[in-house]
Amino acid sequence: MTLLTDTKDLFSAEEFRRRAAAQDPEHDPDAYGDHRLNPDLKHLIIRDSLHDAAVLVPVVDHGVETTVILTQRTANLRSHSGQIALPGGRIDPTDASPEDAALREAQEEIGLDPARIEIVGRMPDYATGSGYRIRPILSVVEPGFRLSLNPHEVDAVFEVPLSFLMDPANHRRESRIWQERERFYYTMPYGDRFIWGVTAGILHMLYERLYAQ
């Protein structure tokens, strides 16, 4: 796959909106997840007992060069401690939709005001080896926001250019041994930040569905 480069405003918020609205989140159910690089593990990953979760993909409208808000989880969390993540979490019974869950979690984790967030689409579910079915919610964020981090969940927040994340040259495939098998996953090192695992997998899915030819 190659990156499209036929428009000057490829990574503008307006172009992101257009591409997000054009894709069908219901296409290819169960196609995306940690099993994408590990088809022999699909029977362990795609199962009825997955917990429903949602993450926000917050693209900040800085004109032609947008960015994506990412967080670094605190080191004392029971799961995925210290890892780079998109704002999000489990879908609660009181959430009206995955979109509402993603907005609620973003506000609880980093204080991102829902009034500054425009939902522009949703990607297919992403199944994880840790037992979650994640709904990635695509959004455009109005700049000028103030954040307030939940110290129990988030150590830091930073922004990465969408152009960097959507460049396949920055997508590395690495592996480790899991349940006595070699398990593959994506990494996207950015400066001193190491984006990998589920977050990198969701961002790679974003590339595949919106920006790859």
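Hydrogens, waters and symmetry mates play no part in the numbers below; they use all other heavy atoms, side chains included. In this chain, numbering begins with 1 at the start of the sequence shown.
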Inset, instruction - Please tell me if the side chains of R73 and V154 come closer than 4.5 Å, counting only heavy atoms from C-beta onward. - result: no
Per-pair distances, 0.1 Å, donor-acceptor, side chain in residues 185-194, under 3.5 Å, sequence neighbours excluded:
from	atom 1	to	atom 2	distance (Å)
Y186	OH	H204	NE2	3.2
T187	OG1	E174	OE2	3.0
R193	NH1	Q72	OE1	2.7

Donor-acceptor pair between D34 and Y126 side chains, under 3.5 angstrom: yes
So OG1 of T74 and CD of Q83: to nearest 0.5 Å the spacing works out to 11.5 Å
Residue pairs passing the ring-ring contact (aromatic ring centres under 6.0 Å, His included) test with at least one member in residues 43-66, sequence neighbours excluded, are H51-Y132
Less than 4.5 Å apart, any side-chain heavy atom of P98 and any of I137? yes
Tightest non-hydrogen contact, residues E65 and S163, listed as OE2-OG, 3.1 Å
Residues passing the side-chain contact (heavy atoms from CB on, under 4.5 Å) test with Q107, sequence neighbours excluded, are P114
| task | Determine, using the 4.5 Å side-chain heavy-atom cutoff (strictly less than), whether V120 and L162 are members of one ILVMFWY cluster. | result | yes
ask   = Are L147 and L112 close enough that some pair of their side-chain heavy atoms sits under 4.5 Å apart?
value = yes
Using modelled atom types and a 3.5 Å cut-off, is there a donor and acceptor pairing between side-chain atoms of D92 and backbone atoms of T94? no
CG of N170 to CZ of F164, rounded to nearest 0.5 Å, is 4.0 Å
Those residues at least two apart in sequence (or on a different chain) that pass side-chain contact (heavy atoms from CB on, under 4.5 Å) with D52 are I91, R133, R135
Do Y211 and F16 touch side chain to side chain, with heavy atoms closer than 4.5 Å? yes
**Request:** Kindly work out whether a path of hydrophobic side-chain contacts (I/L/V/M/F/W/Y, heavy atoms less than 4.5 Å apart) joins L103 to L149.
**Result:** yes
Applying side-chain contact (heavy atoms from CB on, under 4.5 Å) to N38 and not counting sequence neighbours gives D40, L41, R183, F184
What one should report as the nearest heavy-atom pair of I119 and S139 is CD1-CB, 4.1 Å
- Do V157 and E109 have side-chain heavy atoms sitting under 4.5 Å apart? no
Exercise for the section: Identify whether L10 and V57 are in the same connected component of the hydrophobic contact network (ILVMFWY, side-chain heavy atoms under 4.5 Å). Expected result: yes
Worksheet item: So, the side chain of T71 versus the backbone of P87: is there a donor-acceptor pair under 3.5 Å, distance only?
Response: no
* Apply side chain to side chain contact (heavy atoms under 4.5 Å, CB included) to the pair F145 and I69, showing each step before the final yes or no. => CA-CA 12 Å; F145 48 82; I69 299 172; 3.7 Å; yes
Practice prompt. With the side chain counted from C-beta on, respond yes when R17 and D61 share a heavy-atom pair under 4.5 Å apart, and no when they do not.
Written response: yes
When rounded to the nearest 0.5 Å, the distance separating CZ of R36 from NZ of K42 is 10.0 Å
What one should report as the nearest heavy-atom pair of E182 and S175 is OE2-OG, 2.7 Å
When rounded to the nearest 0.5 Å, the distance separating CZ of R122 from CD of E26 is 7.0 Å
Tell me whether E14 is salt-bridged to R18, with the criterion being a basic N under 4.0 Å from an acidic carboxylate O.
no
Checklist entry - With distance as the sole test, does T66 use its side chain to make a donor-acceptor pair with the main-chain N or O of A13 at under 3.5 Å? => result no
Taken to the nearest 0.5 Å, the spacing of Q23 CD from L210 CG works out to 5.5 Å
Could you check if a side-chain atom of R19 sits within less than 4.5 angstrom of a side-chain atom of L206, using non-hydrogen atoms only?
no
side-chain contact (heavy atoms from CB on, under 4.5 Å) filter on T199, not counting sequence neighbours, yields L70, A85, L86, I195, L203
- Query: Should V59 and F158 be counted in the same cluster of Ile, Leu, Val, Met, Phe, Trp and Tyr side chains packed under 4.5 Å apart?
  - Reply: yes
R172 atom CZ, over 12 foreign heavy atoms within 6.0 Å: no
Between D100 and A96 the two heavy atoms that sit nearest each other are OD2-CB, 3.0 Å
*Is any side-chain heavy atom of M123 closer than 4.5 Å to a side-chain heavy atom of Y32?*
no
Rounded to the nearest 0.5 Å, the CD atom of E118 sits from the CG atom of L138 at a distance of 11.5 Å
Closest non-hydrogen contact found for I45 with H35 is CD1-N, 3.6 Å
Taking every heavy atom of P124 against every heavy atom of R209, the minimum-distance pair comes out as CD-NE, 3.3 Å
